[in-house]
Amino acid sequence: MDDRTYTADAEPGDTVTVAGWVHEIRDLGGIAFLILRDTTGKIQVKLEKDEMDDDLVETALDAHRESVVTVTGDVEKEERAPTGVEITPDSVDVVAEADPELPLDPSGKVDADLSTRLDNRTLDLRKDEVKAIFEIRAEVLRAVREQFRELGCTEINTPKIVATGTEGGTELFPITYFGEEAFMNQSPQLFKQLMVGSGLERVFEIGPIFRAEEHNTPRHLNEATSIDFESAFIDHTGAMDACEAVVQAAYEGVEENCQEHLEALDMAEEFSAPEGNFPRLSYEEAIERVNATGELDEQLVWGDDLSTEAEHALGEAVGEHYFVTDWPSEIKPFYIKDHDDDEELSTGFDLMHPSLELVSGGQREHRYEHLIEGFEQQGLEPEAFEYYTKMFRYGMPPHAGWGLGAERLVMTMLGLGNIREAVLFPRDRQRLSP
RNA sequence: GCCCGGGUGGUGUAGUGGCCCAUCAUACGACCCUGUCACGGUCGUGACGCGGGUUCAAAUCCCGCCUCGGGCGCCA
């Protein structure tokens, strides 16, 4: 395959071998066309029955859709061909025959349910618009990584098999680890905190998280990809600055490098990176604004969490990405630090897309005594987390950070109706395979 | 976890008690067609999730199971 030419690179005058899938065969009688598709696009192969070798024509026309073929021949300029060029073949080989009946239609003429598509993801990703989602996802991750490096972060990888969870054992997948009870980690939270106290100071991780919640919604996964950031010597406002930079970098990367894929998704015109800083609403301002919309049957009072309905009302009112800051301490986790001058108020923050929560973060509690108290107040035994807490006795700097759901970022960026669209092989309440 | 709505050829659908040995599109098979680009034309193959019940009669009504989607809770 050394001499294989991508369809997009086939120039008139070249003699090439192209390799790919039979997208379609149009047999007009005396002449027929085989449309060959590879990762770069499609090219038309001309088959003139009277003028070409019978075996060659028969081989080509007998190939089923989606069979893998190689075609060697001369590339010619041809205005009547869809891409302006056409191959006149010297040889056609069927490398891998496809069954005539396909479980879904990669040409996209007939829709398939998401479930059918996920069961046949390989075929599903032969469609340009589906492939585009994952090309864009890859660009998002690339741009995010680059932005983290610009922010002076070191990329880390922390264990996914753990002895204890982050906030208790309620939503963890239990596994057996050489006869011992263990869990799939729900968040790198504790590990990344341990690393800000190390010589690394400022870290990020992009990796899987596992949540055993039995939810069944278009925005939850039981295995998701978390984009995590944590840095020493910054507070929650510094963490929000970093968050803004990373989210914007993701959008900008896609805008700059993915026009073709945006076109495949038919959103090239409307797509634009968010500009400027995201509004930072305090929790108090947020509930006032929600109440002012009059969308809710019952007014929110201080201490209420924002319901899905409230999030939507607020998102519509704000109309762009926004932070919600200064949450009541009681509805944020124990490892989030309270404000020094008001311990009813937490430094926790969320980054919201108008339609969905993307990020949760805050300044962390770095004071040993307060941390131990926090564990006890949550009803957790600090002893179980000694590997974590003891490092707070050996010089843990003030620090802050956040976690961003990669799939949620891609989902909201592309306006996908279901988060499963943003994962190759989603894991949800009823899907464990493929 | 609670609530709601679905499951009909390979795929996507129409059909809400007899008019249905089930509609349409696409795919598949056969034949015709020398410039298609969702090629076109003729003919054909192919389906009511599983189990039980009601009824003279069930794709259609009832029950259970399986399965898919959605809303909420909660969250990334």
Side-chain angles (χ1 to χ4, degrees), chain A residues 23-35 42-52 57 62 64-66 78-84 86 98-120 123-124 127 166-167 170-171 186-189 206-229 243 247 304-312 331-333 350-353 356-361 402-412 417-420 422-423 428-431:
Chain A
H23 186 71
E24 200 165 8
I25 292 172
R26 300 199 188 97
D27 187 347
L28 275 62
I31 192 170
F33 302 103
L34 183 156
I35 315 298
K42 302 187 193 82
I43 197 162
Q44 178 162 288
V45 179
K46 176 175 65 176
L47 300 157
E48 284 179 302
K49 295 178 188 174
D50 291 342
E51 295 172 30
M52 291 182 188
V57 171
D62 283 352
H64 292 125
R65 295 154 77 226
E66 299 304 319
E78 173 53 70
E79 280 173 12
R80 291 173 292 183
T83 58
E86 178 172 85
D99 279 357
E101 281 198 339
L102 303 168
L104 61 77
D105 173 19
S107 78
K109 281 182 222 163
V110 182
D111 285 342
D113 286 342
L114 182 57
S115 175
T116 304
R117 294 172 42 211
L118 293 175
D119 284 339
N120 301 281
L123 297 183
D124 190 39
K127 291 184 278 192
T166 306
E167 298 155 53
T170 53
E171 52 182 44
Q186 68 180 160
S187 162
Q189 181 61 35
I206 299 173
I209 56 172
F210 305 91
R211 309 229 163 149
E213 292 287 340
E214 297 202 28
H215 36 44
N216 187 211
T217 81
R219 58 190 180 278
H220 287 94
L221 294 164
N222 292 293
E223 177 175 351
T225 307
S226 184
I227 298 170
D228 268 89
F229 166 81
C243 182
V247 171
D304 287 345
D305 207 341
L306 293 181
S307 63
T308 304
E309 197 186 7
E311 280 181 10
H312 289 163
I331 56 177
K332 281 288 167 184
D350 289 350
L351 175 68
M352 308 292 302
H353 177 274
L356 187 63
E357 179 179 342
L358 293 182
V359 171
S360 179
W402 42 262
L404 160 64
E407 287 81 12
R408 287 189 169 192
L409 178 60
V410 173
M411 178 191 182
T412 53
N418 192 312
I419 198 166
R420 293 164 182 84
V423 198
D428 63 36
R429 181 64 192 85
Q430 37 268 331
R431 181 173 290 274

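FYI, side chains are in, hydrogens and waters are out, and symmetry mates aren't considered; it's all heavy atoms of this structure. Here is how names work: the chains are called A, B, and so on, in the same order as the sequence lines, proteins then strands, and each is numbered from 1. Here the structure is a predicted model, which is why all the values come from computation and not from measurement.
Between A:Glu213 and A:His220, the closest side-chain pair of non-hydrogen atoms is not below 4.5 Å.
B:U26 and B:A38 are spaced 13 Å apart, taking the P atom of each and rounding to whole Å. As rounded to the nearest Å, B:A22 and B:G17 have C1' atoms that lie 15 Å from one another. Using C1' as the reference atom, B:A58 and B:C19 are 15 Å apart when rounded to the nearest Å. As rounded to the nearest Å, B:G64 and B:U45 have P atoms that lie 40 Å from one another. Taking atom C1' on both B:C66 and B:A57, the two are 28 Å apart, rounded to the nearest angstrom. One C1' atom belongs to B:C4, the other to B:G10, and the distance between them is 31 Å to the nearest Å.
Between A:Arg117 and A:Asp111 there is no salt bridge, since none of the side-chain N atoms of the basic residue sits less than 4.0 Å from a carboxylate O of the acidic one.
Dashed line: the shortest gap from a side-chain N or O of A:Arg219 to OP1 or OP2 of B:C72 is under 4.0 Å. In terms of phosphate contacts, A:His215 brings no side-chain nitrogen or oxygen within less than 4.0 Å of OP1 or OP2 of B:G70. Phosphate proximity of B:C75 to A:Ser360: absent, as no side-chain N or O sits under 4.0 Å from OP1 or OP2.
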List every contact pair, protein side and nucleotides 3-12 of chain B side both N or O, where the distance is under 3.5 Å.
{"residue": "B:G10", "atom": "O4'", "partner": "A:Glu101", "partner atom": "OE1", "Å": "3.2"}
{"residue": "B:G10", "atom": "O2'", "partner": "A:Leu102", "partner atom": "O", "Å": "2.9"}
{"residue": "B:U11", "atom": "O2'", "partner": "A:Asp111", "partner atom": "O", "Å": "2.9"}
{"residue": "B:G12", "atom": "OP1", "partner": "A:Asp113", "partner atom": "N", "Å": "3.0"}
{"residue": "B:G12", "atom": "OP1", "partner": "A:Thr116", "partner atom": "OG1", "Å": "2.8"}
{"residue": "B:G12", "atom": "O4'", "partner": "A:Asp111", "partner atom": "O", "Å": "2.9"}

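In terms of polar N and O atoms assigned as donor or acceptor, the side chain of A:Arg408 comes within less than 3.5 Å of the base of B:C75 in a complementary pairing.
Both A:Glu48 and A:Glu309 lie close to RNA chain B; mapped to their nearest nucleotides by heavy-atom distance, the more 5′-ward contact belongs to A:Glu48.
If you check every strand for non-hydrogen atoms under 4.0 Å, A:Glu66 touches nothing.
Base-pairing analysis of RNA chain B finds the following stems of at least three consecutive Watson-Crick or G-U pairs, with both pairing distances under 3.5 Å: B:1-7 with B:66-72, B:10-12 with B:24-26, B:28-32 with B:40-44, B:49-53 with B:61-65.
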